[in-house]
Amino acid sequence: MESILVLTHTDGSALTKASLEAVAAGQELAARLSAPLAIGIVGAPEALNAVAATGAKFFAVTGEAFTQARYATDAAALEALCRAAGATIVLAPGSSRFARVAAGVAARLGGFVDTHITALSGDATVEASRWFYRQRIEAVLSRSSRPWVLVLDAGSRAPFVAEPGTATVETVAVEAPATRTTVTGVRAPQQGQQTIRPDAKLLFVAGAGWTKKQPDGQIHTDKAAELILGFLHSTSSSLGSSKSLVDQGGEGNSVLPFLTHMNQIGQTGATPRHPKGLSTCCHGEEPHVVGWRFIADRRAISLDANCGWTRGKADVVYIADAFEVVDKLNALLASGK
Ligand SMILES: Cc1cc2nc3c(=O)[nH]c(=O)nc-3n(C[C@H](O)[C@H](O)[C@H](O)COP(=O)(O)OP(=O)(O)OC[C@H]3O[C@@H](n4cnc5c(N)ncnc54)[C@H](O)[C@@H]3O)c2cc1C
């Protein structure tokens, strides 16, 4: 019989959303296979109270050395959790923290790892889905090797939600490995300056059109920056970009300074998951739109009635000037309408 372990971590004091998604996936899988469920955490064991209602067995690795994300300590902690739970199937959230250690943990356990898992299915067995070739082909994987570590893509399913309870947590003793990395602090963009927001309801994409000559024959980059940032500020959307636009910044021209290649959506960029997406001043070419695979409702504002979006790639296309539309939108948002 399978034995399922969900690995979790916090972002501060509470479990991350991706951890809660993994818990929901683990609970569903355990029920389907009639298999025991365990949940393990690195760091704050009290965070497991949020998932006490799962009725799972709870394990934690605690101690100062394990509160920081660091390869050596995280790998040691996760290995110990897997061994303590006797897990055959290990589900881990696809956070940067766990994604970097999952393969190492699988190797230490003599098991296998698969990453970017978007769904779990199968009646009596475990079948894991993932996309290949930049989200163009979906494959369903099964393996007989155990333990099998499955790293779940964040945003693939609804998170676990229940009233908090009291989790009885078994502490797993791990000797902190020798480390060369000392965490002296965290440097992150100031609140409000971060434009990539994976949990946002809307993805706002800026294309190269924002920096092109407009119908008056002039370039209006400053106005473009003001409109884009104004929209982001009022809606807390996540900011994506086309490759053409971020490439301009990379060639020494600081066009829209708040955009980097991290914002790029597409074949050579990101494939985020948001319920809605609004593309502006972007042509909607296939290498870009392939990054929209998991955006549920796709809309675009383009001057070009023959752009890629109008050719079946968007649900709604507004053939309009994005400068005018976003200006009007910002005014409506500011007036609370
Ligand atoms: C191997 C490979 C990988 C690639 N990977 C990626 C990738 O990951 N992501 C990506 O984005 N691209 C990628 N590309 C590039 C992609 O093919 C396109 O070149 C790019 O997406 C074009 O960006 P764009 O639509 O913003 O710019 P453009 O093609 O210049 O389009 C600008 C659009 O803005 C419109 N416009 C201008 N002014 C306005 C206005 N005022 N209001 C409304 N609309 C306006 C124009 O009509 C035009 O349609 C890749 C290409 C290759 C070959």
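All ligand and atom numbering here is 1-based and tracks the order in the structure. Being a predicted model, the structure only gives us computed values, none of them experimental.
The shortest N or O to N or O distance between F323 and ligand 1 is not under 3.5 Å. Remark: ligand 1 and S241 share no N or O pair separated by less than 3.5 Å (distance only, no angle test). Considering backbone and side-chain atoms together, G207 places no N or O closer than 3.5 Å to any N or O of ligand 1.
Aromatic ring orientation, W210 versus F204: tilted (interplanar angle from 30° to 60°).
Taking a 4.0 Å cut-off on heavy atoms, A320 registers as neighbouring ligand 1. Heavy-atom separations between L245 and ligand 1 are all 4.0 Å or longer.
In this structure, the side chain of Q264 does not engage the main chain of S244 through any donor-acceptor pair within 3.5 Å. A donor-acceptor pair under 3.5 Å is formed between the side chain of R70 and the backbone N or O of T181. A distance-only check finds a donor-acceptor pair linking the side chain of T88 to the backbone of S3 [under 3.5 Å]. Within the 3.5 Å criterion, the main-chain N or O of D327 finds no donor-acceptor partner in the side chain of N330.
The protein non-hydrogen atom at the shortest distance from atom 30 (O) of ligand 1 is K212 NZ, 2.5 Å. Remark: minimum distance from atom 38 (N) of ligand 1 to any protein heavy atom is reached at Q214 NE2, 3.3 Å. For atom 44 (N) of ligand 1, the nearest non-hydrogen atom of the protein is L303 N, 3.1 Å. In terms of protein heavy-atom proximity, atom 29 (O) of ligand 1 is closest to H283 CB, 3.6 Å. Scanning the protein for heavy atoms near atom 12 (N) of ligand 1, the closest one is K243 CB, 3.2 Å. Closest protein heavy atom to atom 42 (N) of ligand 1: A322 N, 2.8 Å. Protein heavy atom closest to atom 1 (C) of ligand 1, with residue, atom name and distance, is Q267 NE2, 4.1 Å. For atom 5 (N) of ligand 1, the nearest protein heavy atom (residue, atom name, distance) is T268 OG1, 2.7 Å.
Salt-bridge annotation for R83 and E79: present, with a side-chain N of the basic residue lying under 4.0 Å from a carboxylate O of the acidic one. With respect to E21 and K17, a salt bridge is recorded, a charged nitrogen being found less than 4.0 Å from a carboxylate O.
In this structure, atom 53 (C) of ligand 1 has no protein heavy-atom contact shorter than 4.0 Å. At a distance under 4.0 Å, a protein heavy atom can be found next to atom 16 (C) of ligand 1.
Scanning for side chain to side chain contact (heavy atoms under 4.5 Å, CB included) contacts around A331 gives an empty result, with sequence neighbours left out. Applying the salt bridge (Lys or Arg N to Asp or Glu O under 4.0 Å) criterion to R130, with sequence neighbours excluded, gives no partner residue.
Which parts of ligand 1 touch S244 is read off a 4.0 Å heavy-atom cut-off, strictly below it: atoms 19 (O), 20 (C), 22 (C), 23 (O), 27 (O). Remark: ligand 1 atoms within the under-4.0 Å shell around heavy atoms of G269 are 8 (O). Residue contact check: S242 has heavy atoms under 4.0 Å from atoms 11 (O), 23 (O), 24 (P), 26 (O) of ligand 1.
Environment of CG in D216: crowded, with over 12 heavy atoms of neighbouring residues, nucleotides or ligands closer than 6.0 Å. Within a 6.0 Å sphere centred on CG of D11, other residues, nucleotides and ligands contribute 12 heavy atoms or fewer.
Rounding to the nearest 0.5 angstrom, the gap separating the OG atom in S121 from the CZ atom in R32 is 6.5 Å. Separation of atoms NZ (K212) and CD1 (I219) is listed at 9.5 Å; rounding is to 0.5 Å.
With a 4.0 Å heavy-atom cut-off, ligand 1 is reached by the side chain of E285 but not by its N, CA, C or O. The proximity of A208 to ligand 1, defined as any non-hydrogen pair under 4.0 Å, involves the side chain as well as the backbone.
Comparing H288, Q264, E286 by heavy-atom distance to atom 7 (C) of ligand 1, the nearest is Q264. The closest non-hydrogen atom to atom 40 (C) of ligand 1, taken over P287, S302, C281, comes from C281. For atom 9 (N) of ligand 1, the candidate residues are V290, D304, I265; the nearest heavy-atom contact is made by I265.
Just one of V113, L78, V90, L81 meets the side chain to side chain contact (heavy atoms under 4.5 Å, CB included) condition when paired with V105; it is L78.
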